[in-house]
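Since we're looking at a predicted model, the values are computed, not measured. Every number for a ligand or one of its atoms is a count from 1 in the order of the listing.
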Amino acid sequence: MSRLIVISNRVSRPSKAGNQGGLAVALAEALRESRGTWIGWSGEVTDHFTGHIGFAEDDGVKTATIDLEEQDIDEYYNGYANKTLWPLFHFRIDLAEYARDFEGGYNRVNQRFADTAAPLIEPEDIIWVHDYHMIPLGQMLRDRGHRNRMGFFLHIPWPPTRLLVSLPHHSKLVSSLFAYDVVGFHTEEWLESFRHYVEKEMGGRVEGDFVTVGDRTIQAVACPIGINAKEFAEAAVSKAARDMGDRLRASLQDRAMIVGVDRLDYSKGLEERFNGYARFLKDHPEHHRKVLLTQVAPPSRGDVESYQQIRATLDSLAGRLNGEYSDVDWTPIRYVNQGYPRDKLAGIYRAAKIGLVTPLRDGMNLVAKEYVAAQDPEDPGVLILSRFAGAALQLKDALLINPYSPEEMSDAINRALAMPLDERKRRWRAMMDSVEQQDISWWRQSFTERLMAVDRDTARVEPEPTEG
Ligand code: ADQ
């Protein structure tokens with residue numbers, strides 16, 4: 001078995017993280033099996049970049065991390081990754097900031113990761129690079145002479161060509177993806193947008209999974225990420241989950257709970273969700289005092305201004321809504337800014353009659369799948385899901401809505417509250433089948449098997465970047 005090298009912005013060390021997400025567990029499993037290494041940023045800041053690599057091994061998983069300078073974090077992480085690419089790739093060009101410093105910092109830090117990884121790579125290793133922080137890394141490793149099989153997976157949407165061309169030097173960035181052998185997206189929709197860009201902007205050719213520009217051909221595939229469904233379903237009946245369920249039920253007093261769980265991010269549509277719920281309260285006074293929305297939203301990327309703004313907006317919206325509708329013994333929104341361990345989270349999902357997952361745009365959305373996996377098969381809740389989440393393509397038996405429409409959200413909540421048990425069971429079963437079949441191991445294997453099947457002797461001529 002070839003050794004796997006995973007390279008991503010953040011590295012999750014098994015014994016440090018305690019309660020890891022599905023992605024970290026799946027990658028750790030593959031790394032352990034292949035005796036591979038996970039390379040990335042330590043999360044630490046240093047005064048001056050030294051290139052010192054911190055090696056560790058936890059629970060059979062080897063990691064190699066570097067510390068970054070303040071300027072790196074400003075320009076690469078908070079800058080190009082989270083102020084330029086994240087909003088643009090989530091269709092928010094209104095929030096995207098284009099600054100030369102950001103792009104320079106992004107390339108500098110990617111060179112630093114390439115320098116870090118280069119001496120650790122053996123010729124037979126399989127390299128798997130993750131996400132928008134590291135798009136040009138493969139090209140940089142090729143420049144250093146590495147001919148390994150290399151894959152890249154994008155965890156966020158791929159934007160329509162008309163939006164992507166607003167990015168300065170867009171074609172240079174996209175050209176660098178042709179250094180990989182396999183490029184993966186969550187859905188056919190993101191894959192189609194990528195192909196469209198390649199055909200229209202680069203004069204490329206698409207034949208099945210193969211995309212050719214000049215004399216370089218790569219595979220571009222849709223490979224939807226899943227969760228560890230079995231483990232999550234078990235977590236939902238663990239002692240911690242049951243205790244959490246009991247605590248919640250005691251406080252709910254027979255009220256139906258709607259739950260939302262998201263990182264505090266504008267792409268998650270939280271403002272629109274609160275407005276949709278407000279519309280429901282206005283449209284349906286008969287449900288007052290009988291329902292409440294628990295929104296769990298731990299802050300993220302607090303150094304970025306647009307994230308500070310969304311936090312302030314939500315604080316004020318939740319306050320206004322509670323002020324308008326609360327009574328001495330009923331508050332319609334519980335707005336919680338903290339994270340929970342996974343077993344407690346599973347207990348929260350299971351106690352909720354409705355899972356409200358309404359991102360404006362999302363590569364996949366794992367919360368939707370976790371909500372499904374955590375349900376009681378004999379009395380499952382209803383998932384209300386945005387059409388614009390990648391997960392909507394697999395979870396067709398959710399109530400699919402347009403998250404921008406408060407009326408649709410209000411109608412869906414009303415319908416979910418009245419849904420008969422047999423319909424809830426039928427919808428849940430169909431969704432659970434999909435969540436179980438295309439789980440996190442399936443995703444990891446589908447991608448790495450493709451990568452392992454790549455013929456290393458095919459020509460690897462890099463396409464000439466044209467200035468965008
Ligand atoms: P995210 O944007 O972070 O991921 P998502 O897929 O929903 O979005 O994953 C969030 C994870 O964080 C879930 O596992 C969830 O349980 C966890 N989480 C959220 N709030 C939490 C809380 N309060 N306490 C504990 N855990 C919490 C990006 C892309 C997505 C894509 C994933 C994986 O934006 O579209 O699905 O990567 O590829």
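For the pair Trp86 and ligand 1, the shortest N or O to N or O distance does not fall below 3.5 Å.
Heavy-atom contacts of Val261 reach the following atoms of ligand 1: 19 (C), 20 (N), 21 (C) (cutoff under 4.0 Å). Taking a cut-off of under 4.0 Å to the non-hydrogen atoms of Arg263, the atoms of ligand 1 that pass are 1 (P), 2 (O), 3 (O). For ligand 1, the atoms lying closer than 4.0 Å to a non-hydrogen atom of Gly363 are 35 (O). Interface atoms of ligand 1 facing Val367, defined by a heavy-atom separation under 4.0 Å, are 7 (O), 15 (C). Close approach to Val296 involves these atoms of ligand 1, each under 4.0 Å from a residue heavy atom: 23 (N). Ligand-side atoms of ligand 1 in range of Ile225: 38 (O), range being under 4.0 angstrom from any heavy atom. Atoms of ligand 1 lying under 4.0 Å from at least one heavy atom of Gly339, given by number and element, are 22 (C), 23 (N), 24 (N). Those atoms of ligand 1 with a heavy atom of His155 less than 4.0 angstrom away are 29 (C), 30 (C), 31 (C), 33 (C), 35 (O), 37 (O), 38 (O).
Residues Glu201 and Val165 have side chains in contact (heavy-atom distance under 4.5 Å, counting atoms from C-beta outward). Residues Glu75 and Tyr80 have side chains not in contact (no heavy-atom distance under 4.5 Å, counting atoms from C-beta outward).
No heavy atom of Phe153 sits closer than 4.0 Å to any atom of ligand 1.
Of the residues Ile93, Leu88, Leu173, the one that meets the side chain to side chain contact (heavy atoms under 4.5 Å, CB included) test with Leu164 is Leu88. Partner of Tyr180 under the side chain to side chain contact (heavy atoms under 4.5 Å, CB included) criterion, out of Ile218, Leu137, Val454: Leu137 alone.
Of all the heavy atoms of Tyr132, none lies under 4.0 Å from any atom of ligand 1, so neither backbone nor side chain is involved. Residue contacts with ligand 1 for Gln338 involve N, CA, C or O but no side-chain atom from C-beta outward (heavy atoms, distance under 4.0 Å).
With sequence neighbours excluded, the residues that form a side chain to side chain contact (heavy atoms under 4.5 Å, CB included) with Lys268 are Asp262, Arg263, Asp265, Leu270, Asp362, Asn365.
A distance-only check finds a donor-acceptor pair linking the side chain of Asp439 to the backbone of Ser441 [under 3.5 Å].
Using a 4.0 Å cut-off between charged nitrogen and carboxylate oxygen, Asp433 and Lys396 do not count as a salt-bridge pair.
Other residues, nucleotides and ligands place more than 12 heavy atoms under 6.0 Å from the CD atom of Glu33.
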